[in-house]
Amino acid sequence: MTTLPIIDIAPFLNRDLADESNRAATSAALHKACVEYGFFYLRIEAFVDSSEPQELAQLARAFFDLPQENKDKLALKNQDYARGYAKLKENVTNGKADAHEGLDFYRPVLNPNKKKALWGENQWPTEIPQFRKKFEIWINKMKELGMIVMEAMSQGLGMTQDEWEELRAQVDDSFWVMRVIGYPSLPKDHDGISCGAHKDYGCLTFLYADPTPNALQVFLDRGGSEKGTWINADPIPGCIVCNIGEMWEIWTNGLYRSTLHRVVHRGTNYRVSIPFFFEPNFDALVKPLPAVKRRVEAEESLSKRVRRPVKYGEFLMSKVGNNFEKGDASGRYGTISKL
Ligand SMILES: N=C(N)NCCCC[C@H](N)C(=O)O
Ligand SMILES: O=C(O)CCC(=O)C(=O)O
Ligand SMILES: [Fe+2]
């Protein structure tokens, strides 16, 4: 049975000279994991105490336990159709309704305008005391972790200090997204899916999920005897699940690939997960990195197809529009101004 690699980020949490060789090992392991899987566990117990996300999951449960009409008060349509509460089956992946409900938050913007795509205001549940405060602490930590992992990855790619500074400038004001997701159990005799197969859009996804096993599945697409099958990415204590988004495919010209994943939750409990998407800056122009070009020239084997640059914000907008049924939010989303 294939299991995803576990990478300890601890050596990057300090500047100890003594940890230099451990940092090199972590970077090398990140590089290998990104080439081979695009998905891995990140051991973060030296960074956050596990009681912290556990408490967030409790707050999330308290929200999902509210009467439907209370949750609907935070509906996406109150805002920019991106920020707020999506009821069960409102989210769509590949044209099919997802059997989950969720609250989505995005990086706050200056001069919010709910008629402008992605430019509204976050809707926090005021009925759950502490919800906003505790999740804001988490957001800040995940942003910090994002920069740490990005720097570790830049070393794994053999980037120079100047090259890292240039990449850093594309992610230092991350247009992050956080989702708080609730998954009821799928009916046993049903071919429904909790979240359809997809790739994440941006840079790094940091997923905390409650201990429910057999829910998140990752598609193995790069060799080994299990190639072409789905494996479970069950939670591991002290770790979060991390995967790379499509911007990494562009930065590395396909050397790193974003991996399909889905959620099929047939267990009897109500599952809660909290993915944090550490993304590039809204205005970042994402294009293949020079450090990767050097490698391609050195290692003949890599694909020569050059990925086209994208503006991250535009790419995100095209994706978010697909997250709803046509004629429903996506229809209306299509009519609100694209900046
Ligand atoms: N920001 C991210 N990555 N969100 C992923 C959401 C799940 C897939 C989405 N419905 C889709 O169809 O892409
Ligand atoms: O809930 C999960 O385990 C994964 C959710 C996910 O893949 C997403 O929201 O992008
Ligand atoms: Fe995802």
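Note that ligands are numbered from 1 as they come in the structure, with each ligand's atoms numbered from 1 the same way.
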- Which residue and non-hydrogen atom of the protein lie closest to atom 9 (O) of ligand 2, and at what distance in Å? Arg179 NH1, 3.2 Å

- Would you mind checking which non-hydrogen protein atom is closest to atom 8 (C) of ligand 2, with the distance to 0.1 Å? His198 NE2, 3.6 Å

- Item | Protein residue, atom and distance nearest to atom 5 (C) of ligand 2, heavy-atom basis | Tyr183 OH, 3.5 Å

- Message: Rounding to 10°, state the angle centred on the Fe ion (ligand 3) that links NE2 in His198 with OD1 in Asp200.
- Response: 90°

- Any N/O of Asp200 closer than 3.5 Å to an N/O of ligand 1? yes

- Query: So does Glu136 pair up with Arg132, basic N to acidic O under 4.0 Å?
  - Reply: yes

- Nearest non-hydrogen protein atom, atom 13 (O) of ligand 1: Tyr201 OH, 2.8 Å

- Message: Between Glu121 and Arg83 (salt bridge meaning N to carboxylate O under 4.0 Å), is one present in this structure?
- Response: no

- Query: Is the Fe ion (ligand 3) under 2.8 Å from any N, O or S atom of Cys195?
  - Reply: no

- atom 4 (C) of ligand 2 has as its nearest protein heavy atom Val263 CG2, 3.7 Å

- How far apart are the closest heavy atoms of Val306 and Pro288, and which atoms are they? CG1-CG, 4.2 Å

- Sub-4.0 Å heavy-atom contact, Lys199 with ligand 1: no

- Message: Is the contact between Val241 and ligand 2 made by the side chain, the backbone, both, or neither, using heavy atoms and a 4.0 Å cut-off?
- Response: neither

- Note on the structure: Per salt bridge (Lys or Arg N to Asp or Glu O under 4.0 Å), Glu246 is matched among Lys319, Arg257, Lys199 by Lys319

- Task: Can you pull out the closest protein heavy atom to atom 11 (C) of ligand 1? Residue, atom name and distance to 0.1 Å, please.
- Result: Asn323 OD1, 2.9 Å

- Are Arg43 and Glu45 ion-paired here, with the side-chain N under 4.0 Å from a carboxylate O? yes

- Task: Determine, for Phe175 and Arg107, whether the Lys NZ or Arg CZ falls below 6.0 Å from the six-membered ring centre while staying within 45 degrees of the axis.
- Result: no

- Message: Test of understanding: given a 4.0 Å heavy-atom threshold, classify the contact between Thr205 and ligand 2 as side chain, backbone, both, or neither.
- Response: neither

- Message: Regarding atom 10 (N) of ligand 1: of the candidates Asp98, Asn91, Thr93, which has the closest heavy atom?
- Response: Thr93

- Item | Non-hydrogen atom of Val92 closer than 4.0 Å to ligand 1 | yes

- Message: Does this structure show an ion pair linking Lys141 with Glu52, if we count only N-O contacts that are shorter than 4.0 Å?
- Response: yes

- Query: Backbone, side chain, both or neither: what part of His261 comes under 4.0 angstrom of ligand 2, heavy atoms only?
  - Reply: side chain

- Between Asp200 and His261, a side-chain donor and acceptor under 3.5 Å: yes

- Does ligand 2 have a heavy atom under 4.0 Å from the side chain of Arg271, from its backbone, from both, or from neither? side chain

- Task: Mark up the atoms of ligand 1 that fall under 4.0 Å of a heavy atom belonging to Arg179, in ascending order.
- Result: 6 (C)

- Query: Any idea how Trp248 and Trp251 line up, ring-wise: parallel (<30°), tilted (30 to 60°), or perpendicular (>60°)?
  - Reply: perpendicular

- Message: Tell me whether Arg262 reaches ligand 2 (any heavy atom closer than 4.0 angstrom to a ligand atom).
- Response: no

- Message: Give the atom numbers and elements of ligand 2 that come within less than 4.0 Å of a heavy atom of Phe277.
- Response: 8 (C), 9 (O), 10 (O)

- Message: For Asp210 and Thr212, which I'm curious about, is there any donor-acceptor pair between the side chains at under 3.5 Å?
- Response: yes

- Task: Would you mind checking if Arg307 and Glu249 are paired as a salt bridge, meaning a charged N to carboxylate O distance below 4.0 Å?
- Result: yes

- Proximity to ligand 1 by part of Lys319, non-hydrogen separation under 4.0 Å: neither

- Message: Is there a path of hydrophobic side-chain contacts, each under 4.5 Å between heavy atoms of I/L/V/M/F/W/Y residues, joining Phe47 to Ile236?
- Response: no

